[in-house]
Amino acid sequence: MAKKKTFTNKELKELSGEEIIVKIQHENYSLLTTLGAEKLRKEMVPVGKICNAAINYFFTTTGPKNDEEKHIRAARKKLVKKLSKITPGSYNGMPKDNPNGLVVGFNHPSLGEIARILTMKIDIMGDKPMYFPVNLPWYESLAPNYDRIKRLGIIITPTITPATWKKMDLKEGTALYEAGSRLKREFRDIYTKISHDGLKNGGVVFVAPSATRQATVFKNEEVYKKEEDIIPTMSMLALKLYEDKEMNCDFLPMAVYPPKNYKRGLNFGKKYRLIPGEVMTAKEIRKKYFKSKNPKRLEGFDWDFHQRIADKLPKEFWY
């Protein structure tokens, strides 16, 4: 593969988040390399190659290629069959025909659950569009196949998580720091808008509230005991979505129960369990957690959401 291109200082200053994304998708640019985080990019290259090779395989070995709808359906069927063997998982009880849009929040102990979630979505949710915020290193590794991934009904958008931002170690006050800060905000806004539009049309959004790979549902015992603040990922998303008074999307806590002796990677051949918790409906959320007209976060919502995930797991995964 050709060497990654980097953005000029002028491009970083003038290009919008949408324009940066297009260049990453179609012109072999790397924002990570530009921001001096080449190590983070390279860490995801092997996994990206595996995923891209798999996607290409499913598209090139299925037919009929002269009928787009049948071709996509055949590729999905083959993808589910193969992934179920390579990255096995069970997802009994997951909703198939939820009429509203659905936000699925899950604990994120490894990369392995991502493959199982994709399999589950394609298998039982069919044509429902799926929206997935993807950490920038992951996104750059998958970007060459963005269009094919989208044809499978999976729409990925880049995000810069707090953990990745910290690893970038950009010096405050520099041009790179300012550009990175702006794009971090713009990526978040793009994701929120895409999620809103998709959910309003009955789509599904998957998001890890921890915003990083984390072995437990709660970051630590102090967060569980409410002695430390919890990351308000879910309540901030709910606030943005419910600004639209006609938005009726529901929130579903989903527990990821990893296999024994799992590692942070894909854990090929080991079975995961994806366990749905109790759905939190739009009506319930608006009634219970919107305690003022203009809240900055939903009081108690994030903790309750995490607890509904924890309730489906052994206590060793709580904190």
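Treat the numbers as computed from the prediction; the structure is a model and nothing was measured.
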Would a distance-only check, ignoring hydrogens and angles, find a side-chain to backbone donor-acceptor pair under 3.5 Å from [X] to [Y]?
X    : Y    : answer
T174 : K171 : yes
Y242 : C249 : yes
E186 : G17  : yes
E19  : S16  : yes
N201 : D197 : yes
R76  : H71  : no
S110 : R264 : no
K96  : M125 : no
N267 : G265 : yes
N135 : P137 : no

For residues [X] and [Y], is any side-chain donor paired with an opposing acceptor at under 3.5 Å?
X    : Y    : value
Y139 : Q25  : yes
S181 : E178 : no
K78  : T61  : yes
N100 : N248 : no
T192 : S195 : no
D302 : S235 : yes

For the rings on [X] and [Y], is their centre-to-centre separation under 6.0 Å?
X    : Y    : answer
W138 : F132 : no
W318 : Y224 : yes
F301 : F251 : yes
Y29  : F7   : yes

Rounded distance (nearest 0.5 Å) linking atom [atom1] of [X] with atom [atom2] of [Y]:
X    : Y    : atom1 : atom2 : result
T87  : L266 : OG1   : CG    : 8.0 Å
K77  : K82  : NZ    : NZ    : 13.0 Å
L102 : D250 : CG    : CG    : 6.5 Å
L118 : D123 : CG    : CG    : 12.0 Å
T62  : K70  : OG1   : NZ    : 13.5 Å
I24  : I21  : CD1   : CD1   : 7.0 Å

Charged N to carboxylate O below 4.0 Å: is that the case for [X] and [Y]?
X    : Y    : answer
E284 : R308 : yes
E27  : K23  : yes
K225 : E222 : no

Should [X] and [Y] be counted in the same cluster of Ile, Leu, Val, Met, Phe, Trp and Tyr side chains packed under 4.5 Å apart?
X    : Y    : answer
V45  : L142 : no
F268 : L79  : yes
V134 : I231 : no

*asked:* Let's go through M247 and L199 carefully: what are the C-alpha distance in whole Å and the side-chain angles of both, what is the deciding distance for side-chain contact (heavy atoms from CB on, under 4.5 Å) to 0.1 Å, and is it a yes or a no?
replied: CA-CA 8 Å; M247 176 61 76; L199 288 165; 4.2 Å; yes
_Member of Y257, F106, F218 meeting the ring pair (Phe, Tyr, Trp, His ring centres under 6.0 Å) criterion with F317_ = Y257
Does [atom1] in [X] sit with more than 12 non-hydrogen atoms of other residues, nucleotides or ligands closer than 6.0 Å?
X    : atom1 : answer
K271 : NZ    : no
K270 : NZ    : yes
K39  : NZ    : no

*Does the cation-pi check pass for R116 over Y91, that is, NZ or CZ under 6.0 Å from the six-membered ring centre and within 45° of its axis?*
no
*Compare all side-chain heavy atoms of F58 with those of L152 and state whether any distance is below 4.5 angstrom.*
no
